[in-house]
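Before any comments, here is the structure.
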Amino acid sequence: MTVYTLSILKGGSGKTTTAADLVAFLTASGRRVLAIDLDQQGNLTTRLGVTDDTEVSAVAADVLVGEASAFEAAIPSPSVPGARVLVGTQDLAGLDQRPEIITALRDHLPEFVDQWDDVVIDTPPALGLLTLSALAAADVVIAPVECATEAYDQLGKLDQFIAQRVAPRLRPGQRLHWVVPTKYHNRQLIDREVLELLTEQYPGRVTSPVREAVAAKDAYTDGKPVSVYAPRSAIAEDYAQTLATITGIPVPQVP
Amino acid sequence: MARRSLRDRNAAAIAHDFYEPVDAPAEQAPVAPAAEPVEPAAEPAAGQNAAPQAAREKKRAQTPPGDTDRLGIYLTPAEFNGARAGYLADWTNGGEADTFARWIAAALDAHAARTPKQRAAQGGLRVRSEERTGSTRSFNIPTVTMKRMRAAITADQQAGRWPSDSAWAAEAIGIAIDEARAGNGGTLPTPPERLPNRLVR
């Protein structure tokens with residue numbers, strides 16, 4: 001089982017879009033995937049097709065505090081057949097006062113190695129206990145970074161956070177594995193400069209960039225990952241290349 | 001487990017219905033003993049003398065009513081569910097605790113009011129499984145109650161018992177559950193999955 005955690009302090013960097021597409025990519029490759037939405041806004045939940053009318057017996061917050069197991073709480077994703085999701089709800093807002101959640105996923109997820117091949121965790125845009133919990137559980141840490149200076153600045157903070165708070169004890173040796181430049185405009189100088197800076201700063205850990213596209217917003221409205229909503233779009237192709245690099249899995253054929 | 005729509009679940013969470021262990025702070029602390037008793041105080045508990053008792057009471061009265069502290073205690077699922085059921089039973093039978101945290105505070109107060117000998121006889125350190133089956137629950141408890149609990153634990157230690165905070169609180173809650181059951185005809189109701197924030201008559 002491989003646990004992927006997507007994290008960056010800045011909101012709007014493409015964490016959730018990337019997480020949803022990672023779920024779709026892995027599922028299309030025949031893998032059994034559990035998606036965990038740790039953002040109280042529940043956007044990954046929405047991108048995976050779960051709506052307000054969907055009935056749930058337990059949610060991600062219940063799993064973190066030990067009131068339900070991940071297996072009990074996971075519901076099928078309506079838009080990505082084969083994937084299941086731990087729903088992100090407002091309940092998560094209260095968990096930043098519950099330190100026991102920090103090790104919850106790290107210790108609980110390995111119990112389901114027979115049920116799922118991969119786990120994809122989306123985190124809130126904050127370095128609180130929820131993010132700490134996701135970083136403690138992660139085998140692969142991915143930071144989607146919008147090609148803008150303020151997002152680049154936040155990447156350094158995430159890197160430092162992992163080095164100082166996670167790597168020493170919580171998850172020995174934890175590091176930032178991949179940086180995914182998002183919302184990339186090849187014609188804009190600032191985007192090219194940020195990409196260059198990232199490549200210099202994190203050599204060998206920066207994937208090919210994912211361009212900005214309205215399909216990403218439309219896909220959210222339709223409750224789907226981009227690669228499910230518009231599989232032949234340029235941004236879907238970008239994601240396929242990027243995610244193939246991260247996972248080491250060849251790009252699945254588009255039907 | 002009961003199924004609810006995501007919409008209902010979020011609405012409940014926004015209304016703070018989810019995080020039931022942390023209840024609203026008590027608006028009024030339980031009545032504290034008078035700072036300067038006019039009448040001679042009741043016979044002090046065994047092992048305590050009147051002077052330290054008066055000093056303690058004077059100190060307690062300095063705490064403004066309404067102040068709360070956070071009490072984090074480990075409870076097994078049986079203890080936690082029993083407490084929730086006891087709270088509802090007591091309310092049904094005319095009890096005054098209208099929030100779960102107030103019921104817990106009343107249980108702690110009642111236990112602190114017992115003598116160390118009574119606590120040892122009625123409570124005793126309850127046997128718990130070696131395996132960790134419960135979780136830490138957090139309650140907002142009036143500061144005066146916390147001080148009484150602390151003083152009672154110290155008194156128990158002087159009497160040769162060494163309960164942890166959690167064990168002592170579990171003892172208090174266990175007795176309160178037993179009393180609630182006795183007052184409810186020997187049974188307790190099945191509590192709902194989520195307790196309401198506040199009970200209203």
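Order of the sequence lines fixes the chain letters, A, B, ..., with proteins taken first and strands second; residue numbering starts at 1 for each chain.
For the atom pair CD of Q41(A) and CG of N10(B), the computed distance is 11.5 Å after rounding to the nearest 0.5 Å. Going from atom CZ of R7(B) over to atom OG1 of T54(A) covers 9.5 Å, rounded to the nearest 0.5 Å.
Look at R194(B) and D91(A) and you find no salt bridge, because none of the NZ, NE, NH1 or NH2 atoms lies under 4.0 Å from a carboxylate O. The existence of a salt bridge linking R9(B) and D62(A) is confirmed by a sub-4.0 Å separation between a basic side-chain nitrogen and an acidic carboxylate oxygen.
For R165(A), the CZ atom sits in a loose shell: 12 or fewer heavy atoms of surrounding residues, nucleotides or ligands are nearer than 6.0 Å.
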message: Run R137(B) and E67(A) through salt bridge (Lys or Arg N to Asp or Glu O under 4.0 Å) and show every step you take.
response: CA-CA 12 Å; R137(B) 305 282 176 176; E67(A) 291 187 358; 3.6 Å; yes

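Using modelled atom types, no side-chain atom of D52(A) and backbone atom of L6(B) make a donor-acceptor pair closer than 3.5 Å.
The part of T45(A) that comes within reach of chain B is its side chain, from C-beta onward, which places non-hydrogen atoms under 4.5 angstrom from that chain.
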